[in-house]
A.B. asks: 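Before I ask anything, here is the structure I am working with.
We number each residue from 1, following the sequence as shown. Only a predicted model underlies this, so the values are computations on that prediction, with no experimental measurement involved.
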Amino acid sequence: MKTLLRLLLLLLASGIAARTLDAQGLQGIIRGTVTDSTSGAAIPFANIRVEGGNIGAACDAKGYYVLPSLPVGRYKLTASIVGYLPAAKSVNVAAVGITLCDFHLTPSPVQLGTVERLGERRESHAETNVSIETVGQREFELTPVAVQPDIFRTLMALPGVQSTSDVSTQFYVRGGGGDQNLIYFDGMPVYNPFHALGLFSIFDASSIRSAELFKGGFGAEFGGRLSSVLNIVTREGNKKRFGGNAGMGLASGRLLVEGPFAWEGSSWLIGARKSLFGRVLNQFVDTKNYPFDYYDVTGNLDLHIGENSRLAVHSFFSGDRLDNSSPQQPNYNWYNNAIGANLRQIFLEGQFYGDFSLAFSKFSASLDPKLHPALKPQTSSVADRMLRADATYVLGTGDQIGFGVLFHIVDVGYSLVNSANIPLSNSDILPEGVLYWKLKYLRIPNLTTEAGLRVNYIDLLDEAHAAFEPRLSFRYHVSPLLAVKGAFGTYHQRLITLSNEDNLINLFEMWYPLLSSSRIPAEEAEHYVVGVEATFSPALDATLELYTKPMKVLFGYNLNKVDQHDPDLIQGTGSASGVELLLRYQTPALRGWVSYSYSTTSRTFNGITYPPRYDRRHTLHAIASWSFAEGWELGTQWEFGSGLPFTPMTGYYDRVPFDGMPDGPGYVAERGIPYMLLGTKNSERFPPYHRLDMSMRKRLKIADLKVVISGNIVNVYNRKNIFYFDRATGARVNMLPFLPSADVSVEF
């Protein structure tokens, strides 16, 4: 499949590159921002179109857009995005200078008879849009809630994104491991973003404006992970009035307040969430009645410090405490804290703009086994200090040059006690410098190409090592309603987690740096992607993509480690290939999407090739929301997945523990403890998985308050989907049963 995709990329690129652009007369540039008319907040990813032509642009995450290379004359521009009424303006483009055109969009009510394109996808013909999915509040609302809203569960309904159970929001993208996903929260890197043993993400959906998921072939501005990039953008505060919203579910309560700041055009926002009914979460899975206790707090300060300057300060704090009253059960504690600042500066009347960012992110976790017979004390921590600068220059021809520099120092530490009761600890520093460059070429009719190069410099304080990562993507419009696209890229990763992938839920994962000074290579993968996009009507469009991802270097945890001289890691390889189909639809009363993916994933370590536990061949999601009356919405989601692989148990034997000699009666008298014998790794598969979820939502207006009341049912027909076989007893353990929940939110 890799060879096939290479040939397709070559044929498509060579076949359309022969066309050239005729010389045009005098040209000009239009630039501006798109904001919410009621709050003044920027609207990211809004679409700007020039009527009567095949010209458009998409706003970036800060609501900023540039339309270059327009012949002198008068144009009518339209700005649109789901959830807002479209707006149009007429502008005159002059040959000298840059024309400013700002849009202030009015939120549209949810009502019958309205047809609008679903999803905040970038519709710009100046974007390649390869393997990018953008979801926002409308998509979050489409997904029925499992106890509390969660953006990760919305992402899991997209093609190419897998999960292994109902009780974990850990996700896997196109055959990559869970640690191969780079997660940015307002530009700040976040590690282990999970609450309550992985049941929920640490991000409150009510404070999030949108989330971009780059599933493959992403550009040179991103790196450090092999599989995907998730870029989460929070809401700006209301710049015109004080307000907020509050909500309550079965597991937690939440509160968000916002308002204008002292300077005109500035705002602030604070959102918080706290677990209130921890025992409810024990219905999710047999969690030994853990007293779940978690919180998260988000803070944003957006400052308008000049006509062409904006400064944003972001902060995020979350924590989990699982303190069990039983002396036989362990305690878990982990925390995520991050703070950062971003300066957007516009130069040359908008033709050149840059972002300058500074961020600090820290993750720390500890496990106290107390008197648990099998667990040992463990700690893990990651502290990431990041400084980066990104710039874009728009040429008069319409081409764009992007470049940037990134420098960050990551402190990684862990401690543990191994099975021989030997305490081990380690602390390393991973300093990294990055330079990247990219060129977006637009001078061939109907064709957008982007070529880039990313250079990673590792171990800057010791033995500097450079890794080169070329990137290439293109999008060609065969017609206004049909486009073909493709991408290629090389990717490296030097920060991984040490975890046993045989564990169904990894409650505790330790981050581990692959230092070039220790003669350890980086993990490495290549992405090959080709696809087709078709728009059948304003209410229906589809995307089909094929991909293959050879993973040339991978590292796994050495399960056969006996003493401290044995290596912690073993080196291997892997591969992933698949095809994905996404069908989006929107009618006056019905909206949603259908996604299907077929994929194969394999790993090879110590000469043994096997599918990892998240290798699911067939996955189908069907999501719909029906507005059947004023203020009423019925939501459904049905999902199907073929069986996941597992390692069968073949028997037991009595294993003598290491502590029998120094502390016990000795190996002669020691009886040992039962220990399981396992068959061929992941050689069998569970039965197929399927589940139906439903929700009912009612929107009310009481005085000046907007109230939303929702009821949700997970697993409507109580399908008994297997989770695992208990290796101590052999008993079958199922996933979520029929589970109702409710949620109330009030906006003021």
Side-chain angles (χ1 to χ4, degrees), residues 143 146-147 150-181 183 192-201 213 215 226-228 230 281 284-287 496-509 554 556-557 574 576 578 595 597-603 610-621 637 639-649 678 681-691 693 714-715 719-727 732-737 739:
T143 310
V147 178
D150 194 282
I151 67 167
F152 282 9
R153 297 196 182 276
T154 300
L155 295 175
M156 290 175 185
L158 298 172
V161 184
Q162 297 284 1
S163 65
T164 57
S165 73
D166 296 342
V167 298
S168 175
T169 49
Q170 177 72 276
F171 61 95
Y172 308 87
V173 179
R174 291 184 173 177
D179 63 345
Q180 294 176 3
N181 304 313
I183 298 175
N192 291 63
F194 307 106
H195 272 317
L197 302 178
L199 295 179
F200 313 111
S201 75
L213 179 63
K215 297 185 297 183
L226 296 190
S227 289
S228 73
L230 177 59
L281 301 181
F284 259 60
V285 68
D286 181 13
T287 53
I496 65 173
T497 58
L498 292 182
S499 60
N500 183 357
E501 73 167 22
D502 290 331
N503 294 335
L504 295 163
I505 299 179
N506 286 310
L507 303 182
F508 199 91
E509 292 188 337
L554 292 175
Y557 182 56
S595 69
S597 62
Y598 172 82
S599 61
T600 61
T601 306
S602 67
R603 297 284 187 273
Y610 62 92
R613 61 186 177 89
Y614 47 84
D615 175 46
R616 175 164 273 157
R617 292 288 188 265
H618 302 274
T619 306
L620 176 67
H621 286 268
Q637 173 178 285
E639 54 183 304
F640 170 86
S642 55
L644 293 168
F646 74 98
T647 301
M649 296 174 289
L678 299 177
K681 187 176 181 67
N682 290 349
S683 58
E684 296 189 18
R685 290 184 178 265
F686 290 128
Y689 169 101
H690 55 87
R691 195 183 86 188
D693 302 338
V714 172
N715 200 357
R719 162 75 176 181
K720 291 179 171 54
N721 292 301
I722 185 171
F723 188 15
Y724 62 90
F725 291 109
D726 190 317
R727 288 179 174 173
R732 170 174 171 156
V733 178
N734 292 325
M735 297 192 205
L736 288 182
L739 180 63

A.B. asks: Please find out if less than 6.0 Å separates the ring center of Phe152 from that of Phe171.
C.D. replies: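 Between Phe171 and Phe152, which both carry aromatic rings, the centre distance is below 6.0 Å.
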A.B. asks: Give me the atom names and distance for the closest heavy-atom approach of Lys720 to Arg732.
C.D. replies: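 Minimum heavy-atom contact is O-NH2, 2.8 Å.
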A.B. asks: Only one of Val173, Asn181, Leu230, Leu155 clears side-chain contact (heavy atoms from CB on, under 4.5 Å) with Lys215; which?
C.D. replies: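 Exactly one option meets the side-chain contact (heavy atoms from CB on, under 4.5 Å) with Lys215, and it is Val173.
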A.B. asks: If we only count heavy atoms from C-beta on, is the Pro611 to Thr601 side-chain gap below 4.5 Å?
C.D. replies: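 Sidechains of Thr601 and Pro611: no contact.
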A.B. asks: Just by distance, do the side chain of Thr169 and the backbone of Arg153 share a donor-acceptor pair under 3.5 Å?
C.D. replies: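 Absent.
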A.B. asks: Okay, side chain of Arg616, backbone of Ser642: is any donor-acceptor separation there less than 3.5 Å?
C.D. replies: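 Confirmed, Arg616 side chain pairs with Ser642 backbone.
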A.B. asks: Provide the closest heavy-atom pair for Pro688 versus Phe640 in the form atom of the first, atom of the second, distance.
C.D. replies: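 Heavy atoms of Pro688 and Phe640 come nearest at CB-CE1, 3.8 Å.
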A.B. asks: Which residues satisfy the ring-ring contact (aromatic ring centres under 6.0 Å, His included) test with Phe646, sequence neighbours excluded?
C.D. replies: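 So Phe646 forms a ring-ring contact (aromatic ring centres under 6.0 Å, His included) with Phe686, Phe725.
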A.B. asks: Mind checking side-chain contact (heavy atoms from CB on, under 4.5 Å) for Ser599 and listing every partner two or more places apart, or none if nothing turns up?
C.D. replies: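 For Ser599 the side-chain contact (heavy atoms from CB on, under 4.5 Å) partners, ignoring immediate neighbours, are Gln162, Tyr547.
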A.B. asks: Arg617: which residues meet the salt bridge (charged side-chain N to carboxylate O under 4.0 Å, His left out) condition with it, sequence neighbours left out?
C.D. replies: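 Scan of Arg617 (salt bridge (charged side-chain N to carboxylate O under 4.0 Å, His left out), adjacent residues dropped) gives Asp615.
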A.B. asks: Is it the case that Tyr689 and Asp166 place a side-chain donor and acceptor less than 3.5 Å from each other?
C.D. replies: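 Yes, Asp166 and Tyr689 have a side-chain donor paired with an acceptor closer than 3.5 Å.
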A.B. asks: Considering non-hydrogen atoms only, spot the tightest contact between Asn721 and His690 and give its length.
C.D. replies: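 Between these two residues, the closest heavy atoms are ND2-O, 3.0 Å.
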A.B. asks: Who are the side-chain hydrogen bond (donor to acceptor under 3.5 Å, both in side chains) partners of Ser597, not counting sequence neighbours?
C.D. replies: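 If we apply the side-chain hydrogen bond (donor to acceptor under 3.5 Å, both in side chains) test to Ser597, skipping adjacent residues, there are no hits.
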A.B. asks: Taking all atoms of both residues into account, what is the closest heavy-atom pair of Pro645 and Arg685, and its distance?
C.D. replies: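 Minimum heavy-atom contact is CD-NH1, 3.4 Å.
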A.B. asks: Identify the heavy atoms of Ser201 and Ile151 that sit nearest to each other, and give their distance.
C.D. replies: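 So the two residues come closest at OG-CG1, 4.3 Å.
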A.B. asks: For Asn682 and Thr647, work out which heavy atoms get closest and say how close.
C.D. replies: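 Nearest pair, atom of Asn682 first, then Thr647: N-OG1, 2.9 Å.
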A.B. asks: Can you find a pair of side-chain heavy atoms, one from Ser595 and one from Leu620, that are under 4.5 Å apart?
C.D. replies: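 Ser595 vs Leu620: side chains apart.
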A.B. asks: Which residues pass the side-chain hydrogen bond (donor to acceptor under 3.5 Å, both in side chains) test with Asn715, sequence neighbours left out?
C.D. replies: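 None.
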A.B. asks: Test of understanding: with side-chain hydrogen bond (donor to acceptor under 3.5 Å, both in side chains), list the residues that count as partners of Gln180, not counting sequence neighbours.
C.D. replies: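 Testing Gln180 for side-chain hydrogen bond (donor to acceptor under 3.5 Å, both in side chains), a comparison that skips the adjacent residues, returns Ser227.
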A.B. asks: Of all residues at least two apart in sequence or in a different chain, which pass the ring-ring contact (aromatic ring centres under 6.0 Å, His included) check with Tyr598?
C.D. replies: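 Only His618 meet the ring-ring contact (aromatic ring centres under 6.0 Å, His included) criterion with Tyr598.
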A.B. asks: Considering residues at least two apart in sequence or located in another chain, which fulfil the side-chain contact (heavy atoms from CB on, under 4.5 Å) criterion with Ser163?
C.D. replies: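 Scan of Ser163 (side-chain contact (heavy atoms from CB on, under 4.5 Å), adjacent residues dropped) gives Met156.
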A.B. asks: Out of curiosity, Leu554 CG to Ile496 CD1, how far, rounded to the nearest 0.5 Å?
C.D. replies: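 Here the interatomic distance stands at 9.0 Å.
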A.B. asks: Of all residues at least two apart in sequence or in a different chain, which pass the salt bridge (charged side-chain N to carboxylate O under 4.0 Å, His left out) check with Asp150?
C.D. replies: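 Counting only residues at least two positions away or on another chain, Asp150 forms no salt bridge (charged side-chain N to carboxylate O under 4.0 Å, His left out).
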A.B. asks: Using only heavy-atom distances, determine whether the side chains of Arg613 and Tyr172 contain a donor-acceptor pair under 3.5 Å.
C.D. replies: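 The criterion, which ignores hydrogens and geometry beyond distance, is satisfied for Tyr172 and Arg613.
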